[in-house]
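Just so it is clear, the structure is predicted and the values come from calculations on it, not from any experiment.
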Amino acid sequence: RKNGTKFPVKVSLSSTAIKGKPIAIAFVTDTTELQLVVQELKANEAKDKALLEAIPDMMIIQNYEGDVIDFYVPDQIKLHLTKEEIIGKNIKELVPPQMAKAILKAHNEAIKTSQIQIREYSINNENGNVDYEARTVRLNNHSLLTIIRDFTERRRIDGELKESEAKNRAIINALPDTIIIHDKDGNFLDIQASDLSSLLFEKDMLIGKNVKDIFPNELSTKIINVLSKAHRTKSLQVLEAPIPGKERIIDCEGRVVPFEGDKLIVVLRNITEAKAMQNVLNVRNRALEAAGNGIIIADAGQPDNPIIYCN
């Protein structure tokens, strides 16, 4: 160039004759833009190759009849057939008949609707049952792309999680306690209803409200302090308190544990009977202490074995 910089060119030579004299004609073309396009294509190709190698899934390109045109499988997946043995074969030759029928049905839907088709398949091999998810899309007027992912482990974990959730739910439903989820400020977020909760309040009237809106000031202050301490120390906190119910006061024990974020779980238990039994035991102990070497007679035929004579 005039400014001294260099640029790529393409030179084409053509021989001819003018007035009987042979001459050469040179055509010089600036290929700067072409070189930039080529470099961009190479960069995109390298990027696509890197992405392809990073994807843990198998990919198959098939024609509309189900014949395998191209096939990619990552190194970590081991198949009993090589790539060369798979390309050119029809899907009916590679998988069981029922599975081939389902795959071709998904292909037809992809062709007809031009929308992604997602199917799940299972195959039994020497390692047991293997679960696959296949996503099929129409590439063009004569071929389809299917991405296949092994999700056996995910399905196993999902199954164990559901089983664990069902077990936990059964345990929670069997508990006589009321389970409440609060935030650290004392707002009711959720309630697992029980016989106890039906004696204390209506569930639908509590969600979204604060303990200050429901209980007397002294009790609500104690509850908020316990919630705040459990959240701050990330440890179990226990509070015993009489709670005004719909018809009577009920002695309750609340066990508070941090849950997630600002949430806390409160397991609320009715301890009215236990407290009454403790009171009876305390009365008897005081009576024994007062009686010294005296005689105490209790009626074993009555509930709580009441003392009927003491000298």
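Under a hydrophobic clustering in which Ile, Leu, Val, Met, Phe, Trp and Tyr are joined whenever their side-chain heavy atoms come within less than 4.5 Å, directly or via other members, Leu189 and Val267 fall into the same cluster. Under the 4.5 Å side-chain heavy-atom criterion for Ile, Leu, Val, Met, Phe, Trp and Tyr, Ile87 and Ile103 are members of the same hydrophobic cluster. Tyr121 and Phe151 fall into different hydrophobic clusters, where Ile, Leu, Val, Met, Phe, Trp and Tyr residues are linked whenever their side-chain heavy atoms come under 4.5 Å apart, directly or through other members.
A salt bridge links Arg149 with Asp57: at least one charged nitrogen is closer than 4.0 Å to a carboxylate oxygen. Between Glu133 and Arg135, at least one side-chain N (NZ, or NE/NH1/NH2) sits under 4.0 Å from a carboxylate O, which counts as a salt bridge. Between Glu85 and Lys83, none of the side-chain N atoms (NZ, or NE/NH1/NH2) sits under 4.0 Å from a carboxylate O, so this pair counts as no salt bridge.
When all heavy atoms of Leu145 and Ile61 are compared, the pair lying nearest together is CD1-CG1, 4.0 Å. Closest heavy-atom contact between Gln62 and Thr146: OE1-OG1, 4.0 Å. Taking every heavy atom of both residues into account, Phe215 and Ile243 meet most closely at CE2-CG2, 3.7 Å. Of all the heavy atoms in Ile181 and Phe259, the pair that sits closest is CD1-CE2, 4.2 Å. Looking at every heavy atom in both residues, Asp262 comes nearest to Leu264 through O-CD1, 3.7 Å. In this structure, Leu104 and Gly66 approach most closely via the heavy-atom pair CD2-CA, 4.2 Å.
Put simply, the residue from Asn129, Asp131, Val130, Asp150 that forms a side-chain contact (heavy atoms from CB on, under 4.5 Å) with Arg155 is Asp131. Partner of Asn63 under the side-chain contact (heavy atoms from CB on, under 4.5 Å) criterion, chosen from Leu144, Ile69, Leu139, Asn90: Ile69.
The backbone N or O of Lys105 sits nowhere less than 3.5 Å from a side-chain atom of Asn108 that would complete a donor-acceptor pair. In terms of modelled atom types and a separation under 3.5 Å, the side chain of Asn140 and the main chain of Ser143 share a donor-acceptor contact. Put simply, the side chain of Asp185 never gets that close to the backbone of Asn187: no donor and acceptor are under 3.5 Å apart. Under the 3.5 Å distance criterion, the side-chain polar atoms of Ser164 are left unmatched by any main-chain donor or acceptor of Glu160.
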Please step through salt bridge (Lys or Arg N to Asp or Glu O under 4.0 Å) for the pair Arg269 and Asp177, ending with a clear verdict.
-> CA-CA 5 Å; Arg269 173 166 294 183; Asp177 308 320; 2.8 Å; yes
Evaluation steps, side-chain hydrogen bond (donor to acceptor under 3.5 Å, both in side chains), between Ser228 and Asn225 | CA-CA 5 Å; Ser228 178; Asn225 287 341; over 6 Å; no
For Phe188 and His182, run ring-ring contact (aromatic ring centres under 6.0 Å, His included): C-alpha distance rounded to whole Å, both residues' side-chain angles, the deciding distance at 0.1 Å, then the answer.
-> CA-CA 5 Å; Phe188 287 88; His182 280 290; 4.5 Å; yes
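Around CD of Glu33, the count of heavy atoms belonging to other residues, nucleotides or ligands within 6.0 Å does not exceed 12. The environment of Lys246 atom NZ is dense: over 12 non-hydrogen atoms of other residues, nucleotides or ligands sit within 6.0 angstrom.
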